[in-house]
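Notes follow the structure.
The sequence lines fix the lettering, A, B, ..., with proteins before strands; numbering per chain opens at 1.
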Amino acid sequence: MNIEQKLTGIVINAIQNLYSTEVTPVQVQFQKTKKEFEGDITLVVFPFVKAARKSPEQTGQEIGEYLQQHEPIIKAFNVIKGFLNLSISSAHWVECLNGINAQEAFGTTTATETSPLVMIEYSSPNTNKPLHLGHVRNNLLGFSLSEIMKANGYKVVKTNIVNDRGIHICKSMLAWQKFGNGETPESTGLKGDHLVGKYYVVFDQQYKAEIKELIAQGQTEDEAKKNAPLMLEAQDMLRKWEAHDPTVYQLWQTMNNWVYKGFDETYKKLGVNFDCIYYESETYLLGKEKVEEGLANGVLYKREDGSIWADLTADGLDEKLLLRADGTSVYMTQDIGTAKLRFDHYPIDKMIYVVGNEQNYHFQVLSIILDRLGFKWGKDLVHFSYGMVELPEGKMKSREGTVVDADDLVDEMVNTARETSQELGKLDGCTEEEAQNITRMVGLGALKYFILKVDPRKNMTFNPKESIDFNGNTGPFIQYTHARIKSVLRKAGEQGITIPTAIDTTIPLSEKETSLIQHIANFPAVVKQAADEYSPSIVANYVYDLVKEYNQFYHDFSILKEDDEAVKKMRLLLSQNVARVIKTCMSLLGINVPERM
RNA sequence: GGUCGGGUAGCUCAGCUGGAUAGAGCAACAGCCUUCUAAGCUGUGGGUCAUGGGUUCGAAUCCCAUCCUGAUCACCA
């Protein structure tokens, strides 16, 4: 039980005894005391003023007196306007620290046999181009969210649906076939996904040239787009693929395998992974069955032309096509098929789709349809919707090649980290292997933190040249603080100091120390909130505040040079636990922290 | 036009389940390394919290209207 819960009960009693009024825990609001005022924790008195029929100051005074009489850990209080500031005894905070230290996995819960299973879909790339900055946000959010759900005691299955078929895939295949001269990743030295992406751009260029030509010949733009020979060929190729034409199918397999190899490298570089991967080519036909089942149940209806629809007007939405008149499926049908396959494989209690906010409507519809088709988690499926990443020049467009490539970005980050580290002399005395480890951690840490600290819902701008900093509210700053603490702990070890598992409650604490303990004591609530609100940024902002506070403490107080042995050990124990919380927070964000940097 | 987001310092962002004088970082300027890692710490300047109204003891936060901005409203995925 934390201090706020403990005090809430006493406040309820106080109001009951003093003013004979029942209050609910919701009315009892605590906040951390502002630094300008004396105290650790503050009760907002206003909600009780009416019942007291007294001024806020007087009410606060009376409640304060009652609390002090009935709760020994309150050593003093003061009232300013309607705020009752309570000073809590050092002994309580020391006990609190001891309690935290005793917990093996402080702040996190481990899943058990009976824990609910949540499946999280993220990444969802197309196999016609390499991953870019937008995918990076997706991957980082998906991975972090998975870690956060795990920390809250869920069983988590990370999944990826690869969009490996369709007209857009055929475009890069066709362009390669016509203009590729047999190039391969081996012959060009290009990563497979980059090679394929190159031909996706080639297709677009050639296609545009054809359109221009046809318009010059007198066709309208719409006609030209439809009649361009390349487009007709691509459509023909898609038909052949669906008919399993051996040549096309083999080309498809070859090129997709190049891409997968490239993706694997990128995922590895980003430090994300999946427990199971689904391919659209395997699921896109499966939705049909479920749709027909829905038709038989009367949940869906058939039009005269034979197409099948869902009527969502009762939910305030439109009607939605699920099967074309010729029996072929659409995007929604595929998602139904994928859902069915997944549900066959796993006992899913909760499904989270990490997909950009441009698909809000799609998921609103999917949720209703899955629910009607009998998926028990359909209604409550979570579309973890995040905003776009924009460049200073505006939006990124794959076809036009104006994207920030994921591989380039990571490489650039790591290189910058290397340069900065060298300038600061941080790598002196490191082996090359250590140096690589550190710069990789720092470069990636900077990138990941930069992206994850922003509220996922918001669009964000990313300036490749200026966005990444290593000072201030950044990943490296947090990593640095961790490394600093570890350095102190190492030195303590070298001096033969053992850090106790618990310290004496009679040790006096400074304001900064109580504040730090209060801060880390709040960590479990942050972990829970991050899951409730699906927001890694909550963890990021929390750990930043903690680190900022620790650095002030580090600056103002000596640890190893402290004369009083007991105080020294208390500070070591405190530092050790701060480091632990930092490390856990960062791991929830998918960021590693170095022992030294 | 309908629906759903977003609008807070020059820039990037916190704060939004109503609480004290709206916070950080970057950028600018001024300090702090013979003392545990200066990727740090301290200070200065910088705000009509888009606008107008409402609810309230109290509004950046809740409600209404307006403006700006993004997404979406395909027999594309």
Side-chain angles (χ1 to χ4, degrees), chain A residues 26 29 31 33-34 36-37 42 44-47 49-50 56 80-83 85 124 126 163 165-169 280 284 305 307 309 316-318 320-326 328-332 334-335 356-362 364-365 385 387-388 390 392 395 417 420-421 423-426 442 446 450 453-455 457-463 466-467 469-481 483-492 495 533 537-538 540-542 544-545 547-548 550-562 568 571-572 575 596-597:
Chain A
V26 188
Q29 303 165 44
Q31 51 188 277
T33 305
K34 301 232 166 199
E36 310 86 273
F37 306 110
T42 295
V44 183
V45 178
F46 294 106
V49 176
K50 218 171 198 169
I80 294 169
K81 296 194 208 166
F83 298 93
N85 302 320
S124 317
N126 291 316
N163 300 302
R165 60 160 286 280
I167 190 74
H168 52 301
I169 310 296
E280 202 182 284
Y284 83 109
D305 65 0
S307 57
W309 295 71
L317 303 173
D318 251 329
K320 186 76 190 174
L321 176 84
L322 295 178
L323 270 186
R324 297 188 186 100
D326 64 5
T328 56
S329 38
V330 294
Y331 181 34
M332 192 63 73
Q334 292 174 25
D335 262 350
N357 62 10
E358 76 262 9
Q359 293 196 28
N360 285 355
Y361 183 74
H362 173 79
Q364 212 180 334
V365 172
S385 161
M388 298 290 104
E390 285 161 18
K395 291 209 275 180
T420 311
S421 299
E423 269 168 40
L424 295 170
K426 298 283 183 186
V442 172
F450 181 84
K453 75 175 176 186
V454 180
D455 183 339
R457 279 174 311 186
K458 291 192 175 176
N459 286 0
M460 61 183 292
T461 44
F462 184 90
N463 185 333
E466 291 167 18
S467 285
D469 216 316
F470 292 79
N471 304 310
N473 188 356
T474 66
F477 169 57
I478 295 161
Q479 291 170 319
Y480 171 73
T481 307
R484 238 182 176 182
I485 298 175
K486 285 296 180 174
S487 170
V488 174
L489 296 176
R490 267 196 308 274
K491 291 224 156 85
Q495 293 174 20
E533 296 181 22
S537 72
I538 290 173
N541 288 302
Y542 165 81
Y544 172 68
D545 288 338
V547 159
K548 181 117 187 91
Y550 183 83
N551 275 313
Q552 290 162 1
F553 162 76
Y554 181 91
H555 183 265
D556 294 342
F557 297 85
S558 303
I559 300 170
L560 295 173
K561 293 196 178 64
E562 168 61 40
K568 186 194 283 185
R571 288 184 186 155
L572 282 167
S575 299
R596 63 184 88 214
M597 67 184 270

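Applying the salt bridge (charged side-chain N to carboxylate O under 4.0 Å, His left out) rule to A:Glu562 yields the partners A:Arg571; only residues at least two apart in sequence or on another chain are considered. Listed by chain and number, the residues in a ring pair (Phe, Tyr, Trp, His ring centres under 6.0 Å) with A:Phe553 are A:Tyr550, A:Phe557 (sequence neighbours excluded). With sequence neighbours left out, A:Gln31 forms a side chain to side chain donor-acceptor pair (under 3.5 Å) with no residue at all. Residues passing the salt bridge (charged side-chain N to carboxylate O under 4.0 Å, His left out) test with A:Glu280, sequence neighbours excluded: A:Arg165. Partners of A:Phe83 according to the ring pair (Phe, Tyr, Trp, His ring centres under 6.0 Å) rule, which considers only residues two or more places apart in sequence or in another chain, are A:Phe46. With sequence neighbours excluded, no residue satisfies salt bridge (charged side-chain N to carboxylate O under 4.0 Å, His left out) with A:Arg484.
Closest-nucleotide positions on RNA chain B for A:Leu317 and A:Ile80 were compared, and the one nearer the 5' end corresponds to A:Leu317. Between A:Phe450 and A:Val442, the residue anchored closer to the 5' end of RNA chain B is A:Phe450, taking for each the nucleotide with the nearest heavy atom.
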Please list every donor-acceptor pair under 3.5 Å in which a side-chain atom of residues 485-492 of chain A meets a protein atom from a residue at least two apart or in another chain.
from: A:Arg490; atom 1: NH1; to: A:Glu595; atom 2: O; distance (Å): 3.2

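A:Lys568 and A:Leu560 make their closest contact through CE-O, 3.2 Å (heavy atoms, listed as atom of the first residue, atom of the second, distance). The minimum heavy-atom distance between A:Asn360 and A:Ser385, with the atom names listed, is OD1-OG, 2.9 Å.
For B:C49, the O4'-C1' to base torsion is more than 90° from 0; the nucleotide is therefore anti.
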Original post:
How does protein contact run along nucleotides 71-77 of chain B, one letter per nucleotide 5' to 3', with B for base contact, S for sugar-phosphate only, - for none, heavy atoms under 4.0 Å?
Top reply: SSS-BSB
Subject >> Summary of protein contacts for nucleotides 24-37 of chain B, nucleotide by nucleotide, where a base hit scores B, a sugar-phosphate-only hit scores S (4.0 Å, heavy atoms) >> reply: SSS--------SBB
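In terms of modelled atom types and a separation under 3.5 Å, the side chain of A:Lys453 and the main chain of A:Asn473 share a donor-acceptor contact.
Consecutive pairing runs in RNA chain B reach the stem threshold at B:1-7 with B:67-73, B:10-13 with B:23-26, B:28-32 with B:40-44, B:50-54 with B:62-66, where a stem means at least three Watson-Crick or G-U wobble pairs with distances under 3.5 Å.
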Contacts under 3.5 Å, N or O only, protein and nucleotides 15-18 of chain B:
none

With 3.5 Å as the limit, what N/O pairs link the protein to nucleotides 60-62 of chain B?
none

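Side chains of A:His362 and A:Asp335: a donor-acceptor N/O pair is present below 3.5 angstrom, by distance only.
The pair A:Arg457-A:Asp455 meets the salt-bridge criterion, since a charged nitrogen lies less than 4.0 angstrom from a carboxylate oxygen.
By the stacking rule of 5.5 Å between ring centres and under 30° between planes, A:Phe46 stacks on the base of B:G19.
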